[in-house]
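Heads up, the thing below is written out as structure tokens.
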Amino acid sequence: MTQFVQLLVSGLAVGSILGIVALGFVLMFKSTDVFNFAQGDMVMVGAYLCLGSLTVLDVSIWVAMPVALLLAVVLGLVIYRFLLRPMVGSPLLTMIMVTIALSLMLQAIVVIIWGPQTYTFPSTLPLKVLDIGGVRVSTVDLTIIAVAALAITAFGAFFRFTRLGLHMRAIAENPEAAAVCGINTNRMFATAIVVATVLATIGGILLANLQIVSVGLTTIGLLAFPAAVLGGIRSIPGAVVGGVLIGVIGQLCSGYLGRGVSTPVTFGVLLLVLLLRPEGILGRKTVARV
Amino acid sequence: MAFLNGGHRLTRYSQQRALVGRPAQAVGLLLALLALLAVPRVFGDRLLFGYVFTDQQLLGIGLAQINVALIAVIGAMSLNFLVGNTGLISTGHAAFFCVGAVVAGYCHTELQLPFPLILLTAGVVGAIVGVLVGLPSLRLSGLYLMLATLALHFIAIYLFQRYQLEFFGPGGVTYGQASIGPWILNSDARWFALLVTCVILLALGIRGLMSSRHGRAFIAVRDHEVAASSMGVNVSMAKLKAFSASSFVVSAVGAAFAFYIGIITDESFTLAFVLGYFAMIIMGGIGSASGAIMGALVWTLAPHVLRTVSLQVDPGTPLIGDRLATYPSQFASLLLGVLIIALMRFKPEGLNGLLTSLRRVVSAWPYRD
């Protein structure tokens, strides 16, 4: 029982990070119809941006993190302007290829600048192991859950209560109708991509605190795809739910079935969802014209 | 050039279907054949009619790299057949390489079958697995099929890991020597001969299949499933046939790849491997077999070329000099990524599209097309 609760807590930690990344991914997919294959690489780049600001600017990590977020905004704008805006209206495979190329380039740039070795952040989060009623829980996990919940709530409030958030939701629902209502679609596309990059960066920084800064962060970011599909690839709250579920499932698998099983099982869940309920948990069935 | 090609319109269907429609094409084919015969001499022995080639002149490409490139060509042509001609976006490519490697390992160590029979068995098993992998495609399409096959990719890699640890150990699955009857494949030149024959046979096979009614059925399924089924095409059977045909070839080439490399681990078939094949076919031009060949050659040989070029760069050049020397393959990936994006932006039809436009411009010159 205690092992179950421990795995649950660590699963919630990874899951909430995946929820953030999947949230950005789903938002971008809903607004721009671009399946961002490079989402995992953006997570990795986010962690490295934080590392870079730490080492280059030689400041404390609490200053490096906002700097990394600012750099993520710039990166998102660059991706929008030079990669995705020229490709608007292209068929599915072309868009996928562009994001695959982006993923390739991001991985190459990271290794060229920082090398293939792994790095660790200076310990910022208090690392203690609490004993709550016989269950050993790490404070790092709890802090990450708290920070992730805060980030998700903040973005939720942004979407619900601000004007920009309302415009973004309009674009995500129906870009043509939003354009007719006078919303600047180009600016909203750019905002969606920037939000996706920033969320991926937040996820990357949290993940790097949980583990290490390495090129392997890409594969963890890859789990955002099953998370998004599980929750409903066109549902924004679904992304968070899906992320948490995938994180928990992954950790439970690692704990009970051994390492290395979690990836195939997680993707097996993805396969089942696609075959039985492709719209996901919180998604709605779509009707397509033939 | 316009005056040369002005009167060559095809008048009979047999002319279009023929391999050599015009005398000029026969000359071209003959030259290509002679060039292929010269490749092992030029790239392997670095010697042709007494002239010695330097490493630089050949851009650092050796016969081993060409053999790996040819294996990629075969894989790319079958993936192009699946994705470009039938419209089934499948990321299960690495899974079929795995199937081929596993069957080859089992047949080689447990059953001691001869090499040609191993290839055939790998192909047949791959075709059966291909039908299984193709079953989701009956319900899913486009993006969702890609995600479903991605899931199958990870599951297959895991099963390969289990097989490797079960029968071989963490070092990887090992293979012995391959031989076709008494002819032992113990040199790069012999592998080259085998692989080039396979490429030519596959190209002819795809050409024949696509101009038959099965090929037209595949194209119809790609373009509009509902219209195809209302014209009498059995869409489900067409999809499963496409999957099984493509996976037959990929598994067979996976077995050959296993024997050529000699040792296969679970690290050999990563997601980057699969995405690389996608890059090959999209870079070459979706739906075109010659595009797949060009894309595969560019994708697999570019890193070697770039490594050779980077050796010419003085490590003292500021900012990129020493980085280029330490990470040449990353620079190759970067350049290939930029090339892909440029192609997608300006010529989505890929390298084959470039070639076609070039052909049109040249044949219409001095007029505009």
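This is a predicted model, so every value here is computed, not measured. Below, read A as the first sequence line, B as the second, and so on, with proteins coming before strands; counting in each chain starts at 1.
- Looking at B/I282, only its side chain comes within 4.5 Å of chain A, counting heavy atoms on both sides.
- Per-residue counts of heavy-atom pairs under 4.5 Å with chain A were compared for B/V226, B/L147, B/I89, B/L140; the largest is that of B/L147.
- Between chain B and the options A/V273, A/L106, A/I96, A/V110, heavy-atom pairs under 4.5 Å are most frequent for A/I96.
- When all heavy atoms of B/I341 and A/A101 are compared, the closest pair comes out as CG1-CB, 3.7 Å.
- Contacts between B/L339 and chain A at a heavy-atom distance below 4.5 Å are absent for every atom of the residue.
- Contact record, B/A151 with A/L270: CB-CD2, 4.3 Å, taken as the closest heavy-atom pair.
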Looking only at N and O atoms, which donor-acceptor pairs between chain B and chain A are within less than 3.5 angstrom?
from	atom 1	to	atom 2	distance (Å)
B/R139	NE	A/L275	O	3.1
B/R139	NH2	A/L275	O	3.1
B/R323	NH1	A/I112	O	2.8
B/R323	NH1	A/I113	O	3.2

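- Of the atoms belonging to A/L271, heavy atoms from both backbone and side chain fall under 4.5 Å from chain B.
- By the side-chain contact (heavy atoms from CB on, under 4.5 Å) test, B/L159 is found to be paired with B/I155, residues two or more places apart in sequence or in another chain being considered.
- Contacts between A/P226 and chain B at a heavy-atom distance below 4.5 Å are absent for every atom of the residue.
- Applying the side-chain contact (heavy atoms from CB on, under 4.5 Å) test to B/A95 and every residue at least two apart in sequence or in another chain returns B/A156.
- Proximity of B/P136 to A/L275: side-chain heavy atoms (C-beta onward) are separated by under 4.5 Å at one or more points.
- Closest approach of B/F278 to A/M97, counting heavy atoms only: O-SD, 3.9 Å.
- For chain B, the nearby parts of A/V261 are the backbone and the side chain; heavy atoms of each come within less than 4.5 Å.
- Ranked by heavy-atom pairs under 4.5 Å with chain B, the first of A/L93, A/I112, A/I233 is A/I112.
- Interface remark: B/V83 contributes side-chain atoms only to the contact with chain A (heavy atom separation under 4.5 Å).
- Only the side chain of B/M146 comes within less than 4.5 Å of a heavy atom in chain A; its backbone stays farther off.
- Only the side chain of A/L92 comes within contact range of chain B, with at least one heavy atom under 4.5 Å from a heavy atom of that chain.
- Among pairs with a residue in residues 264-290 of chain A, those fulfilling ring-ring contact (aromatic ring centres under 6.0 Å, His included) read A/F267-B/F154, at least two apart in sequence or across chains.
- Counting heavy-atom pairs under 4.5 Å between each of B/L135, B/I340, B/L143 and chain A puts B/L143 at the top.
- Heavy-atom distances place the side chain of A/L83, and not its backbone, under 4.5 Å from chain B.
- When heavy atoms are compared at a cutoff of 4.5 Å, B/L152 approaches chain A solely by way of its side chain, counted from C-beta outward.
- In terms of non-hydrogen atom pairs under 4.5 Å with chain B, the most contact-rich of A/V229, A/V265, A/V269, A/L222 is A/L222.
- Residues A/L104 and B/L275 have side chains not in contact (no heavy-atom distance under 4.5 Å, counting atoms from C-beta outward).
- Looking at A/M87, the atoms closer than 4.5 Å to chain B (heavy atoms on both sides) all sit in the side chain, from C-beta outward.
- Most heavy-atom pairs under 4.5 Å with chain B, from the set A/G115, A/G268, A/P278, A/P91: that is A/G115.
- The distance from the CD1 atom of A/I109 to the CG atom of B/L334 is 5.0 Å, given to the nearest 0.5 Å.
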